[in-house]
Amino acid sequence: MIEKRDFYINGQWVSPTKPNDFNVINPSTEDPCAVISLGDQADTDAAVAAAKAAFTDWAFVDKSEKVALLKRLLEVYNDRAEDMAQAMSLEMGAPISMARSSQTGAGSWHLEGFIDAFSTMSFERDFTATEKTLLEPIGVCGLITPWNWPMNQVMLKVVPAIAVGCTTILKPSEIAPLSSHLFAEFIDQAGFPAGVFNLVNGDGPGVGSQLSAHKDVDMISFTGSSRAGKLISKSAADTLKRVSLELGGKGANIIFADAGPDAVKRGAAHCFRNTGQSCNAPTRMLVESSFYDDAVEIASQVARDTHVGPASDEGKHIGPVVSEAQFDKIQGLIEIGISEGRLTAGGLGRPDGLNRGYFVKPTVIADVTNDVTIAREEVFGPVLSILKFDTVDEAIAIANDTDYGLTNYVQTPDDEKRVYVARRLRSGMVETNGKGFAKGSPFGGYKQSGNGREGGTYGLEEFLEVKAVSGWPA
């Protein structure tokens, strides 16, 4: 059993003020694999106090020194990449090959992007000959990250905050905390000053709520469910702190008949990737009617061909979902979906040969209309709904008819049609023809998918205040 009870506060590993053990469960086996402590108000207060004390000096540390520390952090991260991959695979069930490439790789990719953006970013801008506009760190930041892409989200919050001069308290998901504990070790090894980064484990009602309401926290950056995002916003309202939210999604993947079979294969595989536990997954496949029947069969075959197995297995497959609660939720939504549409692959229960672990069958439900539960609720599992459309404008209307607006997808070789659709989709991101986004591209959504942007220059600006100064020497 791995024991990681201590918190990282003011540059030291310290014991919790009160014993409050919490077991971390290996989702491939359903057995405890580690024990952490959940923090109390006194732990949160100590971390906030450390961050507040460190801010005065850190805010004015020269950019060159910060860049050097970030580059050192990247070196440490890359040197210990295998440790990070093993931690994420164990805690949240990512297959070890994916944990090494995508899960761990996302962390270094974002860190590199922030180093590039920060190195060239100007924090003083001439407004007139005698007036300056200054971009300054907002202050103490509470950062609350999820379990589905641990290092992706930790890097997207911690790195831009500390780069621009903020100080931070990280509360990772208590379900998958081991990777963040490692990250704290990396911060310490890289040599960041005490108090710039602090880590306190806890759950949402505990440390999460304490950070959101804390009078000395100037900003909260949260990634998670829309439900939790609303609660955090309400909790933060009393102190009028800035709140940046990256929340759920119900992405539409619009596939025109001229896109061909590969677009369907790519879309279904993307939906099942990370066992469907991605807020930007293309979970609603909208198919042009003339290609619909073929697309249903192609997507269903992708589901049948998708291998499911333990996270420790080598090779290409998907692992378990993260927890029993998540498994039960997904099973309930699959059951509802079967009653709302036509099951063409997968279904209820675990895949054959897997009697233990939170494994879900890759599932396809066809003949779905956009007014039913399976088309409107975020499943967060390997479940694909397929809908039909006849015209371009109908496809746009269906795609936009959702509470969410994170990522939509368009598949067609027709440039004019693709741009027409992309301009009219109400989402923070539109991926077309399988072309991924560049390093530093802004990540974030419309509507109940949140506010603010993460990544690159946009992510750095999230943690800045704007100050106008007159009478600046010409």
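Hydrogens, waters and symmetry mates play no part in the numbers below; they use all other heavy atoms, side chains included.
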Enumerate the ring-ring contact (aromatic ring centres under 6.0 Å, His included) contacts for residues 10-59, please, sequence neighbours excluded, ordered by first and then second residue.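 Of all non-adjacent pairs touching residues 10-59, those that pass ring-ring contact (aromatic ring centres under 6.0 Å, His included) are Y8-W13, W13-H181.
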Please list all pairs passing the side chain to side chain donor-acceptor pair (under 3.5 Å) test where one or both residues lie in residues 104-113, with sequence neighbours left out.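 Applying side chain to side chain donor-acceptor pair (under 3.5 Å) to every pair that reaches into residues 104-113, excluding sequence neighbours, yields H110-N152, E112-K439.
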Ignoring hydrogens and geometry beyond distance, is a side-chain donor-acceptor pair present between [X] and [Y] at under 3.5 Å?
X	Y	result
E91	S179	yes
S212	S235	no
K250	T402	no
N274	Q103	yes
E174	N201	no
E335	Q331	no
Q448	S226	no

V48/L211 under side-chain contact (heavy atoms from CB on, under 4.5 Å): CA gap, chis, key distance, verdict: CA-CA 8 Å; V48 173; L211 286 172; 4.0 Å; yes
For [X] and [Y], work out which heavy atoms get closest and say how close.
X	Y	result
G93	P320	O-CD, 3.3 Å
I9	A46	CG2-O, 3.8 Å
L245	G229	CD1-O, 4.0 Å
T223	E454	OG1-OE2, 4.1 Å
K4	L178	CG-CD2, 4.2 Å
D6	P16	OD1-CD, 4.3 Å

Just how far is it from atom [atom1] of [X] to atom [atom2] of [Y], taken to the nearest 0.5 Å?
X	Y	atom1	atom2	value
F222	Q153	CZ	CD	10.5 Å
M92	S28	CE	OG	10.0 Å
M84	M151	CE	CE	4.0 Å
L143	S180	CG	OG	10.5 Å
I144	E246	CD1	CD	13.5 Å

Are the side chain of [X] and the backbone of [Y] linked by a donor-acceptor contact shorter than 3.5 Å?
X	Y	value
S278	A281	no
S89	A94	yes
N10	A47	no
K157	C141	no
E378	G249	yes
T407	G428	no
N20	S37	no
D43	D40	yes
R304	A345	no
S449	G248	yes

Any side-chain heavy atom of [X] sitting closer than 4.5 Å to one from [Y]?
X	Y	value
T363	I330	no
Q326	T275	no
L460	L135	no
V383	T283	no
F463	S244	no
K265	I298	yes
F272	V360	no
I138	C166	yes

Can you tell me if [atom1] on [X] sees more than 12 non-hydrogen neighbours from other groups inside 6.0 Å?
X	atom1	value
E30	CD	yes
F123	CZ	yes
D62	CG	yes
K63	NZ	yes
R227	CZ	no

Run the salt bridge (charged side-chain N to carboxylate O under 4.0 Å, His left out) check on E461 and R453 step by step: do they pass? CA-CA 9 Å; E461 289 176 348; R453 293 296 180 268; over 6 Å; no
Yes or no on side-chain contact (heavy atoms from CB on, under 4.5 Å) for R100 and Q86, after CA distance, side-chain angles and deciding distance? CA-CA 8 Å; R100 290 182 179 124; Q86 293 291 341; 3.7 Å; yes
Take L406 and S427 through the side-chain contact (heavy atoms from CB on, under 4.5 Å) test and state the conclusion after the steps. CA-CA 5 Å; L406 188 58; S427 58; over 6 Å; no
Using the rule side chain to side chain contact (heavy atoms under 4.5 Å, CB included), only one of R266, E431, H270, R273 pairs with P282; which is it?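 Only one option passes, and that is H270.
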Can you list the steps and then say if K447 with D403 is a salt bridge (charged side-chain N to carboxylate O under 4.0 Å, His left out)? CA-CA 6 Å; K447 300 187 281 187; D403 292 335; over 6 Å; no
Evaluate the side-chain contact (heavy atoms from CB on, under 4.5 Å) criterion for residues Q411 and N253: first the C-alpha distance (whole Å), next the side-chain angles of each, then the deciding distance (0.1 Å), finally the verdict. CA-CA 8 Å; Q411 321 294 336; N253 186 7; 2.9 Å; yes
Ring centre gap for F192 and F186 strictly below 6.0 Å: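 Centroid distance F192-F186: not below 6.0 Å, so no.
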